[in-house]
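Worksheet: the structure to be examined is printed underneath.
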2 protein chains.
Amino acid sequence: MPLSSAPADTDFEDTAFTARQEAVLEHALSLLVEGGEKALTTAGLARTANCSKESLYKWFGDRDGLLAAVVAYQASKVHFPPESGATADAATFRTHLTAFATELLAVLFGETSVALNRLSIGQSNRDDNRLGRLLRVRGKQMISAKARALLEAGRHRGYLKFDDAEEAYQVLYGLAVRDVHIRLLLGDQAKAEERDLKGQAATAVDRFYKLFGA
Amino acid sequence: MPLSSAPADTDFEDTAFTARQEAVLEHALSLLVEGGEKALTTAGLARTANCSKESLYKWFGDRDGLLAAVVAYQASKVHFPPESGATADAATFRTHLTAFATELLAVLFGETSVALNRLSIGQSNRDDNRLGRLLRVRGKQMISAKARALLEAGRHRGYLKFDDAEEAYQVLYGLAVRDVHIRLLLGDQAKAEERDLKGQAATAVDRFYKLFGA
DNA sequence: CCCGAACCGTACCGTACGGTACAAAGCCGG
DNA sequence: CCGGCTTTGTACCGTACGGTACGGTTCGGG
């Protein structure tokens, strides 16, 4: 029972859920994916997941807590594998960079990511705005840190040349994602070429090297 | 009375609003900007704009129609000035391109744009999803068309080199916007440098030329 | 076997909000 | 001045949903 042991409103920094709770959150996630925020009602979730509303409120406090828990739970599932031996030589480094970009796109364009981004954005003009922060901190910042490490390693080995790793990462992000993410969020369908994540990542890395290659 | 003359559900393709209606929509917009979708209630808008709910429903049909009208109205206000003499020589063309990028950022990062994007995204997992389409067609596609024209002109004069204008534009978009847009949508605050739109646009164009300059 | 904790299912409450109805008030052409 | 419109303000209705209460059931420990 994470909520009763912690001071309860600490943005789920530490949260670990029980198996039952995770199962429920998984149901919540699927409801979100196919119906958006409106489809995730406490009664509906209780029915879908075969649990009682009372349990929901006991576990997550209120509906906002539930939403935050869903985001936190999904975020906890995403962890890029540690890049090992990524800088062996120039070619494998570039391969790893491309793989990273591919996985970035795969995460961003995945339907659960899209659903959660929609959810968080929809809530992001409220007083406190936990969801947006959660998604930024547990999502984007993790990835960005990973990316910076990779890029810095590349620079250290002389494969890349840049001043600010964060800035370089942002450029890579922009080259890979372009406006596809926002278009997906707005309900557009990805064009055929845009579904070829590896291809998209490859050209992005291509252009990235033209800008920051040593 | 636009709605009674048209078949009513035609996505406001032609819509023109009366002065009174525009005033009301302006109020709706300000409510949206500061409070998000939840803050835009029919009763609230009626009170704020000193009009009756009955008028709202007469004009816009239902709440969804109102939302669509807000989006359509705001979109109708955005029109990039026609670029004239943009291709006089290489330097002025580049200046115009930078100006375009700057204005793109200004629009995208403006608080009303952010509010409307949030609104549309929040609604974008509904059956029909007018808002997302509206925003894409009346917003992004207009801009993209403008950009393609500009870029093609540049290529024609030999300042740029690329195969697909759309693709080139997307790269420019990515270089300029990066992940700032989505971060703003998630409630993040733009960093100091990111508020220097001209600077951001300039470096973006800089990099763009490294990729597509002749 | 028994006790208590957790949990399920359901029924219930309060309220906020979308949508409608209506009386009173302004506005305008004749 | 009058009759017909649009608009306003208010009052009202129905409902969906967040949140709570409670009896019944399962399950693990003593």
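The sequence lines fix the lettering, A, B, ..., with proteins before strands; numbering per chain opens at 1. In this text, all values refer to a predicted model and were calculated from it rather than measured experimentally.
Here the nucleotide nearest the side chain of A:K58, chosen from C:dG18, C:dA11, C:dC7, is C:dC7. Picking from C:dC8, D:dA11, D:dG19 the nucleotide with the shortest atom distance to the side chain of A:D62 gives D:dG19. The side chain of A:R63 has D:dG19 as its nearest neighbour among D:dG19, C:dG18, C:dC8. In this structure, of C:dG19, C:dC7, D:dT20, it is C:dC7 that holds the atom nearest to the side chain of A:S55. Picking from C:dT20, C:dG9, D:dT7 the nucleotide with the shortest atom distance to the side chain of B:W59 gives D:dT7. Considering only side-chain atoms of A:C51, the nucleotide from C:dG19, C:dC8, D:dG19 that sits closest is C:dC8.
Contacts of B:F109 classified as ring pair (Phe, Tyr, Trp, His ring centres under 6.0 Å), with partners at least two apart in sequence or in another chain: none. Every residue two or more places apart in sequence or in another chain that forms a ring pair (Phe, Tyr, Trp, His ring centres under 6.0 Å) with A:F100 is listed here: A:F80. Scored by the ring pair (Phe, Tyr, Trp, His ring centres under 6.0 Å) test, A:Y169 finds no partners at all (sequence neighbours excluded).
Proximity of A:V24 to A:W59: side-chain heavy atoms (C-beta onward) are separated by under 4.5 Å at one or more points.
At whole-Å resolution of the value, OH in A:Y57 and P in C:dA11 are 18 Å apart. A:F60 has its CZ atom 16 Å from the C1' atom of D:dG18, to the nearest Å. Per the geometry, CG belonging to A:L67 stands 14 Å off P belonging to D:dC17, to the nearest Å. Here D:dT8 presents its P atom at 8 Å from CG of B:N50, a figure rounded to the nearest Å. If you measure from atom CG of B:L56 to atom P of C:dT20, you get 12 Å, rounded to the nearest angstrom.
Here the side chain of A:S30 pairs a donor or acceptor atom with the backbone of A:H27 at under 3.5 angstrom. With A:T98 contributing its side chain and A:A202 its backbone, the two residues share no donor-acceptor pair below 3.5 Å.
Here salt bridge (charged side-chain N to carboxylate O under 4.0 Å, His left out) pairs that include residues 23-50 of chain B, with residues two or more places apart or in two chains, are B:E26-B:K77, B:E37-B:R63.
The existence of a salt bridge linking A:E194 and A:R178 is excluded, since no basic side-chain nitrogen approaches an acidic carboxylate oxygen closer than 4.0 Å. Salt bridge absent: B:K191 and B:D196 never bring a charged side-chain N and a carboxylate O closer than 4.0 Å.
Using a 4.0 Å cut-off on heavy atoms, the residues of residues 32-48 of chain A that approach DNA chain D are A:T41, A:T42, listed by number.
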Where do N or O atoms of nucleotides 23-28 of chain D meet protein N or O atoms at under 3.5 Å, pair by pair?
none

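One cannot find a donor-acceptor pair under 3.5 Å joining the base of C:dG9 and the side-chain atoms of A:K53.
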